[in-house]
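Quick note on labels: first sequence line is chain A, next is B, and so on, each numbered from 1. All heavy atoms count here, side chains included; hydrogens, waters and symmetry mates do not.
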Amino acid sequence: MASSDRVRVRFAPSPTGHLHIGGLRTALYNYLFARKHGGDFLLRIEDTDQSRYVETAEDDIMDALQWTGLTYDEGPDVGGEHAPYRQSKRADLYRSYAEKLVEAGAAYYAFDTEEDLAALRDEGVTYDLHTRHQMRNSITMSDDQVQDRLDAGADYVIRLKVPERETVRFEDEIRGAVSFDSDEIDDQVLLKSDGLPTYHLANIVDDHLMEISHVIRGEEWLSSTPKHVLMYEALGWTPPTFAHLPLIMSPNGGKLSKRDANTLGIPVYVTDYQEEGYEPEGLVNYLALLGWNPGTEEELFALDDMVEAFSLERVGASGVQFDLDKLRWVNEHYVRALSVEALVDRVRPYVEDAGYSASDDRLHEICELVQERVQVVPEIVTDNRYFFEDPDEYEEAGVEKRWKDASADLLSTYADRLESVEEEDFDADTVETELRNLADEEDVGAGAIIHPARLAVSGRSYGPGVFGLLATVGKQACIRRMRRAVETLG
RNA sequence: GCCGCGUUCGUCUAGCCUGGUCCAGGACGCCGGCUUUUCACGCCGGUAACACGGGUUCAAAUCCCGUACGCGGUACCA
């Protein structure tokens with residue numbers, strides 16, 4: 001038995017699909033809290049809803065945690081003292097506690113049909129202490145009738161028997177004192193007719209048995225917490241400390257949904273961030289800041305430093321809007337921190353996916369040039385296609401502003417000069433010298449050639465330093481593109 | 001509808017518990033300048049908020065009450 005004051009927290013996702021970004025943040029805060037206090041962080045799979053179960057989801061969750069570096073001490077794949085860590089494997093356990101609650105007078109059997117329940121719902125009322133007397137259950141039926149039904153193998157559920165006129169109070173680490181009037185709490189189903197528990201039962205049984213000290217979860221659970229408290233009390237258990245995290249919302253308001261992924265370009269699943277080339281450290285760093293702050297003006301944290309700085313007291317209570325710009329800003333710092341070699345490895349798959357090819361040396365050159373100019377790795381490709389193929393059009397505003405009457409002649413002459421440069425001498429210094437010499441001879445500013453050259457070679461008016469750009473694009477391509485621009489733009 | 005939770009710049013937030021140091025600080029974004037005879041990076045500067053109404057107090061972003069608004073819950077889903 002671990003000592004009761006040891007910090008033990010869990011991330012308890014339901015395997016219903018890809019791990020949501022909000023789920024990852026919940027996992028992160030649990031992880032930070034556990035590590036900060038030298039405690040344990042466990043992963044528990046809450047697969048008690050067979051109809052929503054998705055085969056691949058469990059792996060997806062574990063992959064996401066691994067990708068982001070949120071290592072857990074106990075879980076379905078790593079085992080632990082309290083195994084199994086999949087609720088579907090613990091079904092008998094929950095049933096026995098449900099029966100214990102019935103014996104304690106805190107729960108009861110119910111035999112209502114779908115129709116009965118639908119009728120109740122149609123009246124706009126819930127199954128609770130006001131309506132339970134008109135339903136078919138062990139409160140309204142005689143013991144013999146109940147026993148007969150059970151013996152006959154009839155379908156039944158076990159419901160929580162919420163006490164009357166009680167105020168259920170608990171202390172939330174983030175919100176302070178929270179209280180609910182028991183008259184407002186419904187008689188939650190604890191054990192379903194398929195024999196599996198609902199979240200509410202499974203959650204408190206496991207949290208108790210697994211010696212969880214702090215339940216850190218999303219705010220959507222706040223309203224069910226009084227039910228949980230009632231169960232802890234009925235079983236004579238000490239409830240864990242609760243902390244309900246603010247929800248992550250869409251910039252439009254409301255929950256961050258799949259729809260936002262499309263309309264606002266905000267990915268909602270962890271796998272999406274992975275595919276879109278975000279740095280896991282950057283994502284985690286940003287997520288930590290979404291609802292928590294260190295109390296200093298620091299914003300960029302490695303995971304270990306976050307652990308050091310983390311505390312639940314500094315987690316806000318209000319909902320937070322996801323800000324993609326800020327994530328990108330955080331991410332860019334992690335892109336810059338990469339060695340050029342690492343960046344080459346990171347970007348290669350995106351280069352290949354785009355159907356381009358480039359040697360390591362060439363990619364190295366490109367990365368050096370653009371590392372400080374991208375926020376997310378794939379932008380090295382998507383924002384700089386001219387490294388891989390000739391531009392097929394010229395940015396209109398750039399042409400407007402930079403392509404002058406004399407541009408064609410100057411660029412044409414510049415191309416001529418570059419023709420005579422040996423392939424192996426075609427580096428940034430040489431193309432710069434050639435350009436500046438020409439500018440002097442023609443008595444024009446260097447910009448009179450720089451701008452048209454950039455436009456011709458990259459199709460755009462902005463990008464990395466133009467001489468490095470020309471050198472990296474290469475002699476033949478530069479000349480070809482310059483001649484073509486002279487032709488096209490006149 | 002009912003219940004719960006929340007409300008400081010467009011956004012993330014500091015400050016609120018322990019009222020005065022806050023005509024409210026930082027960051028992202030945006031705008032401008034410097035730098036670069038190019039683009040960016042960088043640096044400098046600017047923009048912009050205490051939801052509203054009462055109350056308590058010599059004094060309120062900070063305490064109390066109410067209203068509005070937002071979010072969550074209201075399933076044999078989690």
Side-chain angles (χ1 to χ4, degrees), chain A residues 12-16 23 46-52 87 110 112 114 117 121 124-128 155-159 172 174-176 178-181 183-186 188-200 202-203 217-226 244 246-247 249 251 253-255 286 289-300 313-314 316-330 332 336 369-374 398 402 432 435-436 439 444-455 458 460-467 469:
Chain A
S14 193
T16 55
E46 310 233 329
D47 54 348
T48 54
D49 183 358
Q50 310 211 286
S51 64
R52 294 213 305 159
Q87 293 186 327
D112 308 280
E114 295 273 358
L117 295 173
R121 216 171 304 126
V125 290
T126 51
Y127 204 126
D128 60 13
D155 274 356
Y156 68 92
V157 299
I158 292 179
R159 285 183 180 269
D172 186 279
I174 292 169
R175 285 148 224 285
V178 180
S179 64
F180 289 79
D181 189 335
D183 286 30
E184 304 290 342
I185 303 169
D186 59 295
Q188 183 66 50
V189 169
L190 303 180
L191 194 73
K192 300 182 277 185
S193 56
D194 65 2
L196 288 173
T198 57
Y199 168 87
H200 307 281
N203 155 71
R217 78 231 297 191
E219 195 189 346
E220 71 266 31
W221 294 109
L222 191 63
S223 327
S224 15
T225 304
H244 289 92
L247 263 19
M249 295 188 301
K255 264 203 273 202
Y286 171 69
L289 258 19
L290 204 56
W292 169 82
N293 78 84
T296 65
E297 288 179 357
E298 260 180 292
E299 296 203 280
L300 299 170
E313 289 129 59
R314 300 206 68 88
S318 47
V320 291
Q321 288 188 20
F322 195 93
D323 182 354
L324 196 60
D325 282 328
K326 183 97 182 216
L327 165 64
R328 291 164 55 78
W329 176 80
V330 171
E332 86 183 16
R336 287 176 194 190
L369 235 35
V370 299
Q371 182 164 26
E372 304 238 309
R373 293 159 204 276
V374 298
R402 305 298 196 184
E432 175 163 8
L435 186 145
R436 293 198 189 282
V444 296
I449 312 175
I450 285 176
H451 295 294
R454 174 193 295 286
L455 209 45
S458 74
R460 303 187 324 189
S461 61
Y462 58 94
V466 74
F467 304 114
L469 186 156

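- In this structure the side chain of Leu300(A) reaches within 4.5 angstrom of the side chain of Val330(A), judged on heavy atoms.
- As judged by a 4.0 angstrom heavy-atom cut-off over every strand, Ser14(A) is placed among residues touching the sugar-phosphate backbone only.
- Tyr156(A) pairs by the ring pair (Phe, Tyr, Trp, His ring centres under 6.0 Å) definition with Tyr109(A), not counting sequence neighbours.
- On the P atoms, C69(B) is 29 Å away from G15(B), given to the nearest whole Å.
- Among the atoms of the strands shown, none is found under 4.0 Å from any heavy atom of Ser51(A).
- Side-chain atoms of Tyr199(A) and Asp49(A), non-hydrogen and from C-beta on, never get closer than 4.5 Å to each other.
- For the C1' atom pair drawn from C22(B) and A14(B), the interatomic distance equals 11 Å after rounding to whole Å.
- With a heavy-atom cut-off of 4.0 Å to chain A, the contacted part of RNA chain B has its first and last nucleotide at C2(B) to A78(B).
- Spacing between U7(B) and C52(B) at atom P, rounded to whole Å, works out to 14 Å.
- Annotation: C12(B) and C44(B) have their C1' atoms spaced 24 Å apart (nearest Å).
- Atom name P, nucleotides G66(B) and C2(B): the rounded distance is 15 Å, in whole Å.
- Toward the 5′ end of RNA chain B lies the nearest nucleotide of Glu372(A), the other residue of the pair Ala12(A) and Glu372(A) mapping further downstream.
- With sequence neighbours excluded, no residue forms a salt bridge (Lys or Arg N to Asp or Glu O under 4.0 Å) with Arg314(A).
- Looking at heavy-atom distances under 4.0 Å, Asp112(A) makes contact with a base.
- Closest-nucleotide positions on RNA chain B for Glu299(A) and Ile450(A) were compared, and the one nearer the 5' end corresponds to Glu299(A).
- For the C1' atom pair drawn from U47(B) and C28(B), the interatomic distance equals 14 Å after rounding to whole Å.
- Spacing between G19(B) and A78(B) at atom C1', rounded to whole Å, works out to 43 Å.
- Note on Thr126(A): only backbone sugar-phosphate atoms sit closer than 4.0 angstrom, heavy atoms only; bases stay farther off.
- If you take atom P in G26(B) and the same atom in G73(B), they sit 37 Å apart, rounded to whole Å.
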